[in-house]
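The structure under discussion appears below in the form of structure tokens.
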Amino acid sequence: MYSVVAHLSGRPVRPITTMHGAFCSRWLLIVCILVLGFSDKRSRAQSSLQQETEFAREVNRYRWSSVTVWNADLGPWQIDMTNRFISDAYLQFDNRLRFRDEDRLNFTAVRPIRPRFGASIHGDLDWFGSGRASSQSLLFGVQMNPFAALKLETAVGVGSDRRPGIVQGDQRAPSRVDTGPAVAVSVDLEPREIQGYRISFYSDAAWQRIAPRRVGDLTLAAAAARSFGSGRLESRARYSSRRRDTYQAASFLNRGQIRDPESIEATTSDTLDANVLIQIPVISGLRVIAQADVRLNQRRIRTPRAPEESITFETNFARQAFTGQFGLHYEHERVDAQLRAEYGAINERRVLSNRDELPPSEVAQKRTLLQQADYDEGVFAVSGNVRGDILPALSFLFSGSSRIVRHDTPLVNLDDRDEVYHTAMFTLSHRRNRHLRVEARMFGSYHHTVFLNAERSAENNIQRTLRLRPSMDWTPSSQTRIRLASEVRATYTTDDFVLPGRRSSDQSAREMRLESEIEHRLFSDTDLRLSASFSDLRLGRLRWEEFTEIPFDTLRTYSAWLRIQSGRRLRGELGWRTFLRSDYDRAVTIQYQLPNDEATSTRGSITRRGKRWIIQTGPSGALYWVRGQTTLRLDAWANWQQLRYRLYGQLPPANAEIIRRAARRGTRRLIPLISLSAYWQL
């Protein structure tokens with residue numbers, strides 16, 4: 001991989017850290033020895049290997065990703081291994097590469113011992129190069145199947161975690177390696193019928209005491225469903241608890257506090273998700289649908305090993321969210337209609353849990369800082385849609401919604417606001433025959449935002465949008481397909497009022513857009529594709545009372561892409577892409593050369609208003625190869641980008657022609673892009 005990157009960038013690239021390779025080799029060696037030692041050498045091994053790799057070069061980033069999945073039967077052992085690797089290299093402003101590598105390896109080996117008992121081995125290795133962090137665990141377990149649908153597993157082993165510690169002075173953060181015992185338990189109940197209910201249950205718990213830190217994970221998930229004739233009841237619930245201890249040199253509230261190498265910040269997060277869905281038939285074709293969702297989250301941050309002379313801030317975070325829906329669904333031969341009402345409520349609170357141990361001045365300051373993010377939000381919405389066939393070849397779709405949001409915040413937060421949002425869309429579709437289909441779509445929206453605090457009330461505004469989009473799909477023959485579409489959009493944003501002495505900030509945005517796609521079969525397995533678009537966007541200051549505008553900018557965009565594709569199993573593509581955009585720039589800075597009497601030149605610059613053109617053009621290519629379970633894809637294109645300007649206003653008479661020539665010449669750069677992906681299975 002890295003040789004390819006070095007060839008494309010022209011710069012040396014460092015290899016993967018040797019520590020990562022040593023960890024991988026050590027864990028894999030231990031696991032392979034254990035598995036092979038207990039396997040039956042007379043049994044024949046059966047294995048499957050899947051490999052997916054991808055390399056991409058985008059402007060200033062190189063990315064290499066790889067996913068390896070290995071499944072094998074070695075005698076009585078069933079082995080599953082998955083390795084995911086991602087490496088990013090960013091080209092910084094000083095032309096240096098900055099790397100971010102990440103690798104995750106999961107290994108599981110299971111061996112049946114008796115009909116209802118078995119042995120298992122689990123290994124995990126996570127490595128993060130940029131943070132100099134890694135975590136490993138190796139557990140040995142026993143599986144039990146009391147009956148066919150229930151599986152129990154307990155495992156014990158060892159866990160190890162490497163993290164940067166607390167920075168001492170100006171030195172680099174030391175590397176801390178913590179190791180300790182690890183325990184895991186899982187319960188899995190496959191879906192089965194119990195007294196008319198189809199019930200499933202899953203639980204997974206893991207705990208590591210890598211002194212002086214602790215890591216814990218707990219997941220409980222259950223689902224139940226039952227049908228009552230044409231009605232149905234479904235419910236799901238999931239509870240999860242996570243604890244992570246980190247060496248935290250600086251956190252949100254504890255910045256600038258005294259920390260020692262043993263300072264640890266423990267974060268515990270508990271989350272509960274619950275859902276209930278009821279469907280009840282009323283009459284033929286009409287159903288009542290009711291649904292409720294609840295999400296609760298509690299997060300606690302503690303500093304169990306804080307120095308006695310330091311002041312630490314421990315916080316509690318609580319978030320509650322509820323959503324309830326009630327609706328009607330009607331289905332008939334040519335009509336499908338839905339009507340829904342929804343109510344939602346969200347509440348977030350942040351408090352200092354150790355405020356009794358802190359100085360009153362610190363408590364007041366931090367409490368105000370935490371309260372700035374608290375809020376209560378209530379949402380009420382009504383929505384519906386109707387789809388029907390007027391004639392065998394003519395159909396329509398109408399959908400609309402109204403939404404009211406009340407966002408309440410404490411006095412220290414000026415984001416207290418109310419919002420009203422209305423939308424409506426009407427689509428008319430006509431299929432003339434199997435060759436021609438036309439469609440017209442109209443969309444409108446109204447959004448009103450009102451800030452309740454006087455300090456921000458001047459930001460109250462109304463935004464109105466109207467879109468009209470007709471399109472056509474025409475297939476004159478089996479070798480040709482043409483798609484044409486156009487869109488007209490108008491958006492008007494107005495303030496509720498204007499403060500005395502200030503100018504109105506009302507704005508208008510009007511856009512016309514044209515799109516086209518053409519596909520034509522030239523020869524057998526050879527296709528010609530052309531896509532082109534044009535956009536004209538005009539911005540202006542709006543006078544809503546007179547419904548007039550004063551234009552201040554126009555953005556025009558042109559794009560085209562012509563491609564020729566040929567081949568069947570090995571398919572290639574060659575093309576050419578062009579992009580052009582012009583707009584107005586209030587401050588254009590032009591660098592130019594000034595010759596003098598000594599036959600040398602000095603550099604000058606000037607800033608004026610002007611018009612800017614962005615021109616990008618270049619070839620594109622692609623290669624696809626498919627054979628059985630193996631696929632290979634290569635995409636590459638090059639963009640020659642040029643920025644050109646035309647300056648407005650007066651220029652220095654002595655250098656006017658030199659400045660205009662430098663503006664027309666502009667700047668140029670080459671932007672290469674490449675993407676390579678491969679997948680194969682052995």
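Side chains included, hydrogens not; waters and symmetry mates left out as well; all remaining heavy atoms used. Just so you know, these numbers come straight off a predicted model, no measurement behind them.
- A salt bridge links Glu515 with Arg513; the closest basic N to acidic carboxylate O contact falls under 4.0 Å.
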Exercise. Where do Thr493 and Ile462 land on the side chain to side chain contact (heavy atoms under 4.5 Å, CB included) test, with the steps shown first?
Worked result: CA-CA 6 Å; Thr493 304; Ile462 300 176; over 6 Å; no
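- Ion pairing of Asp178 with Arg209 is absent here, as no side-chain N (NZ or NE/NH1/NH2) approaches a carboxylate O to less than 4.0 Å.
- Legend: residues meeting side-chain hydrogen bond (donor to acceptor under 3.5 Å, both in side chains) with Arg238, ordered by chain and number and at least two apart, are absent.
- Residues Ile659 and Leu647 approach most closely at CG2-CD1, 3.7 Å, considering heavy atoms.
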For residues 316-323, please give each side-chain donor-acceptor pair under 3.5 Å, one per line with the distance, not counting sequence neighbours.
residue, atom, partner, partner atom, Å
Asn316, OD1, Arg302, NH1, 3.1
Asn316, OD1, Arg302, NH2, 2.9
Arg319, NE, Glu348, OE2, 2.8

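- Residue Arg287 qualifies as enclosed at atom CZ: its count of foreign heavy atoms under 6.0 Å is above 12.
- Side-chain contact check for Arg340 and Gln338: at least one donor-acceptor pair (N or O, by modelled atom type) lies under 3.5 Å.
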For this session: Report the C-alpha distance between Val379 and His407 in whole Å, list the side-chain angles of each, state the deciding distance to 0.1 Å, and finish with yes or no for side chain to side chain contact (heavy atoms under 4.5 Å, CB included).
Result: CA-CA 9 Å; Val379 180; His407 189 86; over 6 Å; no
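- In this structure, the side chain of Asp101 does not engage the main chain of Ser87 through any donor-acceptor pair within 3.5 Å.
- Considering every non-hydrogen atom in both Pro304 and Ile264, the closest pair reads CD-O, 3.4 Å.
- The CD1 atom of Ile615 sits 11.0 Å away from atom CZ of Phe579, with the distance rounded to the nearest 0.5 Å.
- In this model, a donor atom of one side chain and an acceptor atom of the other lie less than 3.5 Å apart for Thr607 and Thr589.
- For the pair Tyr648 and Arg608, the tightest heavy-atom approach, listed with the atom from each and the gap, is O-CB, 3.8 Å.
- Within a 6.0 Å radius of CD in Glu546, more than 12 heavy atoms belonging to other residues, nucleotides or ligands are found.
- Using modelled atom types, no side-chain atom of Thr409 and backbone atom of Tyr375 make a donor-acceptor pair closer than 3.5 Å.
- Counting only N and O atoms by type, the side chains of Arg100 and Tyr90 include a donor and acceptor under 3.5 Å apart.
- The backbone N or O of Asp495 lies less than 3.5 Å from a partner atom in the side chain of Asp506, making a donor-acceptor pair.
- Contact record, Phe451 with Leu414: CD2-O, 4.2 Å, taken as the closest heavy-atom pair.
- Between the side chains of Gln463 and Asn461, no donor N or O sits under 3.5 Å from an acceptor N or O.
- The distance from atom CD of Glu102 to atom CH2 of Trp127, rounded to the nearest 0.5 Å, is 9.5 Å.
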Exercise. After noting the C-alpha distance and the side-chain angles of Phe85 and Trp64, does the key distance pass the side chain to side chain contact (heavy atoms under 4.5 Å, CB included) rule?
Worked result: CA-CA 8 Å; Phe85 175 74; Trp64 174 278; 3.8 Å; yes
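- More than 12 heavy atoms of other residues, nucleotides or ligands sit less than 6.0 Å from atom CZ of Arg349.
- To the nearest 0.5 Å, atoms CZ (Arg669) and CD (Gln616) are separated by 9.0 Å.
- At distances below 3.5 Å, at least one donor-acceptor pair connects side-chain atoms of Arg355 with backbone N or O atoms of Leu352.
- A salt bridge links Asp161 with Arg163: the distance from a Lys NZ or Arg NE/NH1/NH2 to an Asp or Glu carboxylate oxygen falls below 4.0 Å.
- Leu537 has its side chain out of reach of Asp553: every pair of non-hydrogen atoms, C-beta onward, lies at least 4.5 Å apart.
- Atom CZ of Arg609 sits in a sparse spot, with 12 or fewer heavy atoms from other residues, nucleotides or ligands closer than 6.0 Å.
- In this structure, CZ on Arg556 lies 9.0 Å from CE on Met512, to the nearest 0.5 angstrom.
- A donor-acceptor contact shorter than 3.5 Å is absent between the side chain of Asp496 and the backbone of Val450.
- Partners of Arg489 under the salt bridge (charged side-chain N to carboxylate O under 4.0 Å, His left out) rule, at least two apart in sequence or in another chain, are Glu511.
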Exercise. Can Arg84 and Asp126 be said to form a salt bridge (charged side-chain N to carboxylate O under 4.0 Å, His left out), step by step?
Worked result: CA-CA 10 Å; Arg84 302 178 184 274; Asp126 298 333; over 6 Å; no
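- The salt bridge (Lys or Arg N to Asp or Glu O under 4.0 Å) with Glu549 is formed by just one residue from the set Arg543, Arg510, Arg541; it is Arg510.
- Residues Thr271 and Asn297 have side chains that bring a donor and an acceptor to within less than 3.5 angstrom of each other.
- For residues 439-460, the set of pairs meeting the salt bridge (Lys or Arg N to Asp or Glu O under 4.0 Å) definition, not counting sequence neighbours, comprises Asp415-Arg456, Arg437-Glu439, Glu439-Arg441, Arg456-Glu459.
- Residue Leu411 places its CG atom among 12 or fewer non-hydrogen atoms of other residues, nucleotides or ligands, all under 6.0 Å distant.
- Taking the side chain as every heavy atom from C-beta outward, Leu358 and Phe313 approach each other to under 4.5 Å.
- Judged by distance alone, with hydrogens and angles left aside, the side-chain atoms of Asp374 form a donor-acceptor pair with the main-chain N or O of Arg350 at under 3.5 Å.
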Problem set entry | side-chain hydrogen bond (donor to acceptor under 3.5 Å, both in side chains) between Arg242 and Thr219, worked out | CA-CA 9 Å; Arg242 304 284 184 267; Thr219 300; 3.1 Å; yes
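- Ser353 places a side-chain N or O within 3.5 Å of a backbone atom of Glu314 that can act as its donor or acceptor partner.
- Taking CG from Asp416 and CG from Leu452, the interatomic distance works out to 4.5 Å, rounded to the nearest 0.5 Å.
- Of all heavy-atom pairs spanning Gly610 and Tyr584, the tightest one is O-CD1, 3.5 Å.
- Within the model, atoms CD1 of Ile278 and CG of Leu233 stand 5.5 Å from one another, a figure rounded to the nearest 0.5 Å.
- For the pair Asp245 (side chain) and Arg214 (backbone), a donor-acceptor distance under 3.5 Å is present.
- Take His448 and apply the ring pair (Phe, Tyr, Trp, His ring centres under 6.0 Å) test, not counting sequence neighbours, and it matches no residue.
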For this session: List the steps, then state whether salt bridge (charged side-chain N to carboxylate O under 4.0 Å, His left out) holds for Arg243 with Asp270.
Result: CA-CA 9 Å; Arg243 172 168 175 168; Asp270 301 329; over 6 Å; no
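- In this structure, the ring pair (Phe, Tyr, Trp, His ring centres under 6.0 Å) partners of Tyr558, at least two apart in sequence or on a different chain, are Phe534.
- At least one donor-acceptor pair closer than 3.5 Å links the side chain of Asn460 to the backbone N or O of Ser457.
- Closest non-hydrogen pair, Phe398 versus Ala424, comes out as CE1-CB, 4.5 Å.
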Exercise. Could you walk me through whether Asp336 and His329 pass the side chain to side chain contact (heavy atoms under 4.5 Å, CB included) check?
Worked result: CA-CA 8 Å; Asp336 188 342; His329 186 193; 2.9 Å; yes
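- Salt-bridge formation is detected for the pair Arg244/Asp217: a Lys NZ or Arg NE/NH1/NH2 atom is positioned less than 4.0 Å from an Asp or Glu carboxylate oxygen.
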